[in-house]
Each structure stands twice: as C-alpha cells, then as structure tokens.
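These notes are about the structure you will find just below.
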Amino acid sequence: MEKNSRQLKIKNTLSRKKEVFEPINPPFVGMYVCGPTVYSDVHLGNCRTFISFDVIFRYLKHLGYKVRYVRNITDAGHLESDADSGEDKIAKKAKLEQLEPMEIVQRYTVDFHKVMDQFNVLPPSIEPTATGHIIEQIEMIKKIIENGYAYVVNGSVYFDVEKYAQENDYGELNGRKLEDLIANTRELGGQDEKRGPLDFALWIKAKPEHIMRWPSPWSVGFPGWHLECSAMSTKYLGEKFDIHGGGMDLIPTHHTNEIAQSRACNHTEPVNYWIHTNMLTVNGQKMSKSLGNSFLPHELFTGNHPLLDKGYSPMTVRFFMLQAHYSSTLDFSNDALNSAEKGYHRLMSAIVTLNKLQPSSETSNFNVQELKDKVYEALNDDFNTPIAIAQLFEGIRFINSVADKKATVSEKDLDTLKTLYHSIVFDVFGLKEEILEDNSELINGLMKIIIDIRLKARKNKDWETSDAIRDQLKELGIILKDSIDETTWTIQ
RNA sequence: GGUCGCGUGGCCGAGUGGCUAGGCAGUGGUCUGCAAAACCAUCUACAGCGGUUCGAAUCCGCUCGCGACCUCCA
C-alpha cells in the first residue's frame, strides 16, 4: 500500500480541507461530541450523527488509538430560543407534565440509551451532564470575566463577542465576517441587557418561576447552553484536544461560541479537528422536530408512520446510513430503505457463507490483499464508509463464487478475508446479525428430521409434499434453500 | 436579502481531470422439479450553456433548479 493511503485523513471544518490526522499525544485520542438535549425522544437525525461518530470512534480504536470519547447529556441551560430570554427546554417540559425536571431528564436519558443500544452504538467513555458540572461552568465564567471577555448585567453574565473579535477570528469555524454576522442579526426582544447583538449568555439569572436554579457569584440562576461543552471538554480532555464533532447545524452558533469561550478562558485554540455530520432529509428537506417531518426510531422499526410502508430493523437503518458519507445529506424513502435492507442481508449472508468456506487451492483467483488495501484506503479517506462497503461487495462476489466452486481461495487469503470482514463489518461498522440464531440441539435435531423427510419426498418426486413443507416452514419464518448437495435453513 | 453547499443512470448513493464505484430494481443466460439464493452478461448517467485542456461528471464562468445556515434543532 502507498504510504499515503495508510494515513488517516479527516475533513476539518476549520480548514475546510482534508488533513492528515495527527493526535496530540499518540496513541491517545480525545474526542468530544455534542450529545442530545434530553427533553423529548431522540429523532432519527440525531441518531445519524451518533451513529456516524460511533463508526469514527470504532475505527480509531480499530487503528490502535486509545480513544477517550466524551459525549455529553444536556439536561439544563438549553433555551427555547437564542434570545437568552426563552424558557429552558427541560423546565418547560417538566412544567407541562407536572414532573420534576430531573424526571424528564431521567426518562429521556433512559430512552436515548435504549435507542443507542438498538442501533448498536457503543457507549462513550464518559457521558457527563450539564447539571453535574455547574461548578466547573461557574469557574470557567469567572476566568472569562477575569480575562475581560464577559460582563455582568443584573445577575446575568454575557460573553462580549465584539471584544473577543478584536483579537480573535470569531468566524473562523463558519467562515463568516463579523460585520456580516452583525448586519444579519435580527432585532429580537429581551436583548436589552446585551451590549452587542452577537453576545450570548454564560449565566442567566433565574426568574422567580424558573425551577432549575443554582447559586452563583452573580445570581441564583443557570448556565448558558454553549458553556457546558466547553467546561466539560476542558475538564475531561484538556484545554486542547484532538477531535470535536456534532451535527453541522451546530457550526454557526453553538460551536462558534464554544471556541470563543474556550479561547477567552484558556488562551488556546481548543480543538485540532472539527468534524461535522450532515443532515438527514425527508423529500429533500431537513428532518427536524420543528418541521414535523421527523421520525422516531420506534416508528421506523415498527413501520408505524404515515410515510412508511413497513418497518425497518435497526441494523438495516444503520447499514442504510453507512451507505452514504457522513458529510452528505441523506434522503429517507421507502425505496432507499428497501434497497438497503436487501443489501444488508446480502452482506450478512455472505459472511455466513464465508465462515463455512474451506481453502480450495494453493492459489486464489482474486486479489484479496488488494481488496483489503482498498477497504482501508477508503476508511482512511475521511471515514468513507460507502466506498468501503462497495469494496466489500466486490469481495462478496468472490466469496459466493468460491462457495459455488467457481473460484478458488488459498488458506492464507481465506484467513485474510475472514479477519477483514469480521473486523470491518462487526467491529468498525458496528453491524450485527439480526437473523435469530437458534442453535439449540432440539431445533437443529428437529430441522434435520424435517429436511430428511422432505428429501425423501423430493427423491420420490412428491413435489406436493416437499413444497408444502417448505411453504409451511416459511410461514413460521424458516427459509429453506435447496442447493445441489444440501438443503440449508435460516430463521428470519 | 446575506453566506455556504448541492444538482450523477428507474431509485439510493460514491467519485473531483484520462481507468467498471457499489447497492436496489430491469433484461438475457447458467443452475434448479419448482422456488429461493448465487454466478455470468447487459441496459439506463453525470441539470443547461459557454470556456480552459490533448482530454472534464470532475477546473472556471453564466443560467436554471434545490437545499442549509443567518431564529431552538444532530
């Protein structure tokens, strides 16, 4: 393999270029991803982001890096609007349902974990919560004030963007000029406390009716949304760490402000590589809660949604997402999901076939090493899973041909193939076998008896009986396949 | 309005200067009692116009269409 293709390259939002990945302290890698705000069910767009970063996490580990992956839970401070005057999302929901805010947080955190588990997303190394880090956030605000980048008004603390922008490039992540940003700011009510239109809250004094509140040097109140990520990433990954990720809709405000806060506090660029995932779309439009076109995971799994013909399994959906690059929009449709379902089954059954394969010759009539190189080349090129999958499908044709005795494979190549498919498909892509594995003695014994009876019927050309057995088993979800020398079965 | 991005064959979706992406669907064949699966072959492309180049889906310009952000959103 070329040395080039061995190196992992990452598209960095900061530079807008693909850069060779060089961790600060190899083999350690610090990665922070903005997690969910747990005030309602996760929708599928969120899931796409977490699945994308799960693959990135898995691949980095596969390459031998020791990754500390921090993904937060936002359980306070996320307001309804960015005017810093709206209600806290959690508190609002709590009021609506007459529950403690922490009951809301608990319910949707549990639900979130359950969905992540269904998608076979690995838990992060650390999953810190905003409410668990109020002290860290207060300390950070103190420093920012000391450094002169924040001011206090009526018990609330605001970040001074214009002051910051005098010495720093505020728009370095979103590529916009300060004047343009200011020119495009809408006049919003409730902003009278802010000096500049781009200033944002670090600490917000709680109104009397606000139920989520903590004491601070400035007021009894709560932290601003952007602050938690800066405080927690600094605490667990240091003032400067390797990778920060999230959905691309976080670029213009959340991540831009995160950088500003961190720099204002620690005087250093906090992140080397920014990775942003693109949106999931429905009929070409961004899937979002406010547009009402979002799917909940369980609606997708069960098919219980007006836009869906049927349900699709978590692994089908995961595979579907991996067939597109994380940085492209991905459009949701029944046709696309159906194709993905079939493709996923083709991949999985090829692995079952591969597991049973025996070396058939001293040589292989397929370049297995080249296949392996191409798969890694693809993944090293900014985690290009669609290309890697395409390569795996090239290999599947070979695997099936060997099984059909139309091609040969050497022992060494067979080993390489098995290792490649297992490590990429299961370890890196995080896919798993969904077909029910029931290898109990009883079932296997029963199936052998049934297949033997049917075999006799077939030898006697009693097609009526043999077809009846096959049809009735199919109704139970057991699929029989007659090949030349044997009949195999699978449970679906 | 400002900033940015996109437009690929029936559908999804890679690819950024010259070599078949891939999946699903279709067509023909092999295999098969049939079915399924599999294998082989094969069809449908690069929004439009102009430019650069020996050569462009790929670079540049214009036009048209779509989207994202600028308001909470992964």
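Residue numbers start from 1 in every chain, and the chains themselves are labelled A, B, ... in the order their sequence lines are given, proteins ahead of strands. Please read these numbers as outputs of a predicted model, since none were measured by experiment. Below, all heavy atoms of this structure are taken into account, side chains as well, without hydrogens, waters or symmetry copies.
Nucleic acid contact for A/E341: none, since no nucleic acid atom lies under 4.0 Å from a heavy atom of the residue. Base engagement by A/S288 is indicated by at least one non-hydrogen atom pair under 4.0 Å involving a base atom. Residue contacts for A/K461: at a heavy-atom cut-off of 4.0 Å it reaches no nucleic acid atom on any strand shown. Nucleic acid contact for A/A390: base, since at least one base atom lies under 4.0 Å from a heavy atom of the residue. The residue A/G246 sits close only to the backbone: its heavy atoms come under 4.0 Å of sugar-phosphate atoms, none of a base. Within 4.0 Å of A/N400, counting heavy atoms only, lie sugar-phosphate atoms of the nucleic acid but no base atom. At the heavy-atom level, A/D482 lies under 4.0 Å from base atoms of the strands shown.
Nucleotide B/C54: paired with B/G18 (Watson-Crick or G-U wobble, both distances less than 3.5 Å).
Under a 4.0 Å N-O distance rule, the pair A/K448/A/D452 qualifies as a salt bridge. Between A/K456 and A/D462 there is no salt bridge, since no side-chain nitrogen of the basic residue lies less than 4.0 Å from a carboxylate oxygen of the acidic one.
In this structure, CG of A/L347 is placed 16 Å from P of B/A37, rounded to the nearest angstrom. Going from atom CE of A/M248 over to atom P of B/A74 covers 14 Å, rounded to whole Å. Atom CZ of A/F319 and atom P of B/C12 are 17 Å apart (whole Å). Between the P atom of B/U16 and the NE2 atom of A/H325 lies a distance of 11 Å, rounded to the nearest Å. When rounded to the nearest whole Å, the span between CG of A/D381 and P of B/A21 equals 18 Å. Atom-to-atom, CG of A/D331 to P of B/A14 comes out at 12 Å; the value is rounded to the nearest Å. What separates CG of A/D249 from P of B/C70 is a distance of 8 Å, to the nearest Å.
You cannot call A/F50 stacked on the base of B/A74; the centres under 5.5 Å and planes under 30° rule is not satisfied.
More than 12 heavy-atom neighbours from other residues, nucleotides or ligands sit within 6.0 angstrom of NZ on A/K310.
Side-chain N/O atoms of A/R470 and base N/O atoms of B/C34 include a donor-acceptor pair closer than 3.5 Å.
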